[in-house]
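Contents: one structure, followed by commentary.
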Amino acid sequence: MNQIVPLVAETKPMIDPFGRSITYLRVSVTDRCDFRCVYCMAEDMTFLPKKDVLSLEELDRLCSAFIAKGVRRLRLTGGEPLVRRNILSLIRSLGRHIESGQLDELTLTTNGSQLSRFASELADAGVRRINVSIDTLDPARFRAITRWGDLDKVMAGLDAAQAAGLKVKINAVALKDVNEHEIDDLIRFAHGRGMDLTLIETMPLGEIEADRTEQYLPLSTVRARLEQNWTLNEIPYKTGGPARYLEIAETGGRLGLITPLTHNFCESCNRVRVTCTGTLFMCLGQEDATDLRAPLRASENDTLLSAAIDEAIGRKPKGHDFIIDREHRRPAVGRHMSMTGG
């Protein structure tokens, strides 16, 4: 990818109305995915036309503008980021910010389907840590949850990632009556391979065929069950994201809990998200957003883009309003997680 080096606008750190420094950016590079996970997508999804999606050069410029404004951690998401054509050229280009010291970390969230192909190149491009989504270790159940996924292919991807020296964290969405009986096995599996495990409550984003009141499993319930079999110790470890971490004495491994419903993490939120169309969401659980594509394309100078970002950060809300119960069957927001990015 040919790097576009725009004229640099004067920048200032991003501080939201509640005094929180915005240092973590998650960018969805595509809304497309090769899975159709039941808690994330409808099976018959309509994806964006290519003309609406930012080019790789535009994504590079947008990410670089945020880095100039104080972002220290950058995570690329999707959809599935590794299905985006020529995505490695973007990752290699963004790696220059690691080399310069402006960026502390360039990471990726993936379903693992393409890792066998790309793990070595990701490591060469400056990626040191990735999150891989695996909700079950049962091949048939994996296929049922993802609709299209092949667990063997994902496991081969994990092998390739670890062989390439990538640090891997497993993400699992806790689903009532689906994988709740497997959480002990997921702990043993992840910690047995030197990987952290993070459990996530299902989030009310986008219309899906399933009823989320049937899917929702509070992690407070999961933790109470785990404490019957494991010794869980609170630790101050942080990765920059919303997970709170425990150490399991019996394995020596870490267990992260992401609890947007039972215990929201908004008071320490340092994150914003940008979609593949250049829409900036200041909060995952709110509809308010700012179009960054127009100022990005309006000028080769980043002055307009920087001003649009500042205006949006000035509207960042205190928190989200996620709730799942019998009276709130509809999603909190209409967009699917694959649009905003994980």
Side-chain angles (χ1 to χ4, degrees), residues 1-6 25-37 40-67 74-96 106-118 121-122 125 127 130 133 146-149 153 157 205-208 272-281 284 287 289-300 302 304-305 308-309 312 331 333-342:
M1 185 181 74
N2 295 324
Q3 291 183 16
I4 294 178
V5 183
L25 175 66
R26 298 188 179 204
V27 178
S28 173
V29 298
T30 179
D31 67 327
R32 296 171 186 268
C33 188
D34 51 352
F35 290 0
R36 295 290 184 275
C37 294
C40 180
M41 289 186 176
E43 185 166 12
D44 184 20
M45 289 288 292
T46 300
F47 294 111
L48 294 165
K50 290 183 179 179
K51 65 180 177 60
D52 292 345
V53 176
L54 295 182
S55 69
L56 295 178
E57 289 81 6
E58 288 172 329
L59 285 167
D60 183 286
R61 184 178 158 200
L62 187 146
C63 291
S64 298
F66 274 94
I67 292 167
L74 174 61
R75 178 175 295 279
L76 302 183
T77 68
E80 168 49 45
L82 294 179
V83 302
R84 174 81 191 252
R85 186 176 180 183
N86 296 327
I87 188 61
L88 262 295
S89 64
L90 173 63
I91 296 171
R92 282 191 291 267
S93 180
L94 291 171
R96 73 189 186 277
L106 174 60
T107 61
L108 195 78
T109 294
T110 174
N111 64 27
S113 67
Q114 308 297 316
L115 274 179
S116 291
R117 294 173 54 202
F118 291 121
E121 290 181 83
L122 288 171
V127 175
I130 60 173
S133 300
T146 63
R147 293 191 179 101
W148 298 359
K153 193 173 181 180
L205 298 175
E207 292 285 0
I208 58 175
V272 291
R273 288 171 166 83
V274 176
T275 72
C276 59
T277 62
T279 301
L280 170 62
F281 285 95
L284 180 62
E287 293 282 16
T290 290
D291 173 30
L292 299 182
R293 184 173 60 188
L296 182 72
R297 292 178 173 176
S299 172
E300 293 184 0
D302 280 351
L304 294 175
L305 176 62
I309 293 170
V333 296
R335 66 184 184 278
H336 288 85
M337 192 69 172
S338 60
M339 174 185 171
T340 316

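Values below: all heavy atoms of this structure, side chains included; hydrogens, waters and symmetry mates excluded.
- Here the side chains of T275 and L48 are not in contact, with every heavy-atom distance at 4.5 Å or above.
- Contact annotation: the side chain of L59 approaches that of R84 to within less than 4.5 Å [non-hydrogen atoms, C-beta and beyond].
- In this structure, the side chains of V272 and F66 come closer than 4.5 Å at one or more pairs of heavy atoms.
- Atom CZ of R273 is separated from atom CZ of R75 by 10.0 Å, given to the nearest 0.5 angstrom.
- Between S64 and R61 there is no side-chain heavy-atom pair separated by less than 4.5 Å.
- Of all heavy-atom pairs spanning E58 and L54, the tightest one is OE1-CA, 3.4 Å.
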Run the side-chain contact (heavy atoms from CB on, under 4.5 Å) check on T30 and V53 step by step: do they pass?
CA-CA 8 Å; T30 179; V53 176; 6.0 Å; no
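- For the atom pair OG1 of T107 and CZ of R26, the computed distance is 7.5 Å after rounding to the nearest 0.5 Å.
- When side chains are defined from C-beta on, F118 does not count as touching V127, because their heavy atoms never get closer than 4.5 Å.
- Counting all heavy atoms, side chain and backbone alike, P81 lies closest to L76 at CG-O, 4.1 Å.
- The two residues R293 and D52 have their closest heavy-atom pair at NH1-O, 2.6 Å.
- If you take CG on L94 and SG on C63, they are separated by 5.0 Å, rounding to the nearest 0.5 Å.
- For the atom pair T277 OG1 and D31 CG, the distance stands at 8.5 Å (nearest 0.5 Å).
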Run the side-chain contact (heavy atoms from CB on, under 4.5 Å) check on L88 and L122 step by step: do they pass?
CA-CA 7 Å; L88 262 295; L122 288 171; 4.2 Å; yes
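- S28 approaches G78 most closely through the heavy-atom pair OG-O, 3.2 Å.
- Heavy atoms only, all atoms of each residue included: L56 and N86 are closest at CD1-O, 3.3 Å.
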Apply side-chain hydrogen bond (donor to acceptor under 3.5 Å, both in side chains) to the pair E80 and T110, showing each step before the final yes or no.
CA-CA 6 Å; E80 168 49 45; T110 174; 2.9 Å; yes
Could you walk me through whether C276 and R32 pass the side-chain contact (heavy atoms from CB on, under 4.5 Å) test, one step at a time?
CA-CA 10 Å; C276 59; R32 296 171 186 268; over 6 Å; no
Check step by step if side-chain contact (heavy atoms from CB on, under 4.5 Å) holds for L25 and V274.
CA-CA 8 Å; L25 175 66; V274 176; 3.8 Å; yes
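- Atom CD1 in I67 sits 8.0 Å away from atom CG in L106 (nearest 0.5 Å).
- Atom CG of D302 and atom CG of L296 lie 7.5 Å apart (nearest 0.5 Å).
- Judged by distance alone, with hydrogens and angles left aside, the side-chain atoms of R36 form no donor-acceptor pair with the main-chain N or O of T146 at under 3.5 Å.
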Step-by-step salt bridge (charged side-chain N to carboxylate O under 4.0 Å, His left out) determination, R96 to D60:
CA-CA 11 Å; R96 73 189 186 277; D60 183 286; 3.0 Å; yes
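- The minimum heavy-atom distance linking S133 with T109 is given by the pair OG-CG2, 4.5 Å.
- Residues Q114 and D34 are in side-chain contact: their nearest non-hydrogen atoms beyond the backbone lie under 4.5 Å apart.
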